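Order of listing sets the numbers, starting from 1, for every ligand and every atom in it. Everything numeric in this text was worked out from a predicted model, so none of it was measured.
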Amino acid sequence: MDRAGYARALASAGLPEELPWRVTVSSRRRTIGLTAEPGGSLTIRIPEGMPSDQVVQAVTRRLPWIARATRRNAETAAAHATKELIDGENFPFLGRNRQLVLSARAGVRLDGDRLLAPVHVTAADIIGWYAAAGSDWLAERAPQYCSRLGVPPPALGVRDLGRRWGTCAPGASPRLVLHWAVFQLSAQLIDVVIVHEVAHLVHPKHGGAFERLVGQVFPDYRDRLTELTEQGRRVWMGDVRPADGRNGLHSAS
Ligand SMILES: [Zn+2]
């Protein structure tokens with residue numbers, strides 16, 4: 001059995017819904033190895049040739065430990081960036097670095113690898129730009145995955161979703177919404193959010209059928225999801241630090 005086969009089998013092992021996990025298969029292992037990674041994800045190392053029911057059993061037996069260890073790591077590892085709204089600050093878009101350039105011009109816009117903004121730009125302005133630019137990109141990107149998954153394109157949106165990267169509401173007028181902050185990451189990782197959420201229009205719950213469907217689009221789905229979680233911990237969520245000279249901390253006396 002290959003990695004994808006084990007991943008499908010493990011999709012019904014009862015792992016926590018929100019836990020990102022990945023599978024490796026090694027000819028040098030004799031036993032199953034479970035590692036809670038620093039970002040809060042789980043790596044499941046499987047000896048080559050081990051029957052999948054044996055793998056599922058071993059993982060199921062250790063679910064309490066898995067929940068404890070990964071939660072602890074997730075809590076200590078969140079390290080969202082704080083930015084300064086000054087020339088040269090980096091605001092990545094689609095995985096590429098974009099340098100903030102302040103000028104007298106109004107409005108925020110992208111010019112190659114430069115993000116042009118007015119001198120008194122606020123975090124809300126930049127978040128608004130991410131939402132608008134992300135919406136345009138999503139409108140071009142989402143339809144191809146909807147047709148590959150065999151669902152009609154839902155209505156699209158981009159906004160602050162708190163701790164989630166995406167949501168999808170099924171029903172008569174289905175709607176796919178992505179978090180504005182996810183557009184800092186590479187297209188390869190944003191695609192994971194799109195495919196995951198659109199797949200929920202077919203299978204509302206996680207499990208073997210869901211895993212098979214997303215695996216048809218991305219055979220490396222689990223790896224990408226883990227990467228998304230790890231990189232997602234470091235993206236900018238809107239926190240800004242006052243720039244030097246605009247710092248009010250010592251100005252009162
Ligand atoms: Zn889901």
Side-chain angles (χ1 to χ4, degrees), residues 3-23 36-37 39-44 56 59-60 63 66-67 70-71 73-75 77-78 134 137-138 141-233 235 237:
R3 282 188 336 134
Y6 284 121
R8 280 196 295 277
L10 282 164
S12 42
L15 287 162
E17 282 264 302
E18 302 299 326
L19 172 69
W21 49 269
R22 79 179 125 204
V23 164
E37 305 292 353
S41 63
L42 176 75
T43 303
I44 303 166
V56 171
V59 169
T60 307
L63 283 177
I66 290 169
T70 55
R71 198 185 318 116
N73 282 358
E75 279 162 8
W137 187 85
L138 182 63
R141 194 78 164 186
Q144 55 172 307
Y145 290 117
C146 294
S147 70
R148 281 170 76 177
L149 292 164
V151 300
L156 302 172
V158 175
R159 59 184 176 84
D160 194 324
L161 293 173
R163 292 162 60 88
R164 304 188 56 114
W165 292 133
T167 63
C168 206
S173 45
R175 186 172 174 79
L176 165 68
V177 180
L178 264 60
H179 196 305
W180 63 264
V182 86
F183 294 97
Q184 294 166 67
L185 302 174
S186 66
Q188 163 164 300
L189 298 183
I190 307 169
D191 286 348
V192 173
V193 183
I194 298 173
V195 168
H196 182 106
E197 298 305 336
V198 172
H200 274 315
L201 295 177
V202 183
H203 299 294
K205 292 200 160 143
H206 298 151
F210 180 87
E211 202 76 20
R212 262 192 302 284
L213 185 62
V214 292
Q216 275 167 25
V217 182
F218 296 132
D220 61 347
Y221 171 75
R222 279 281 150 199
D223 295 335
R224 289 195 196 206
L225 191 60
T226 302
E227 187 72 20
L228 170 69
T229 306
E230 282 165 7
Q231 291 200 25
R233 291 185 181 285
V235 303
M237 302 299 278

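With sequence neighbours excluded, the residues forming a ring pair (Phe, Tyr, Trp, His ring centres under 6.0 Å) with Trp165 are His179, listed by chain and number.
Take a cut-off of 2.8 Å around the Zn ion (ligand 1): the protein N, O or S atoms inside it are His196 NE2, His200 NE2, His206 NE2.
The closest donor-acceptor contact from the side chain of Arg224 to the backbone of Gln188 lies under 3.5 Å. The closest donor-acceptor contact from the side chain of Ser41 to the backbone of Glu37 lies at 3.5 Å or more, if one exists at all.
Considering all non-hydrogen atoms of both residues, Pro154 and Leu201 come closest at CG-CD1, 4.2 Å.
The number of heavy-atom neighbours closer than 6.0 Å to CZ of Arg3, taken from other residues, nucleotides and ligands shown, is 12 or below.
Within the 4.5 Å cutoff, no side-chain heavy atoms of Arg148 are placed close to those of Gln216.
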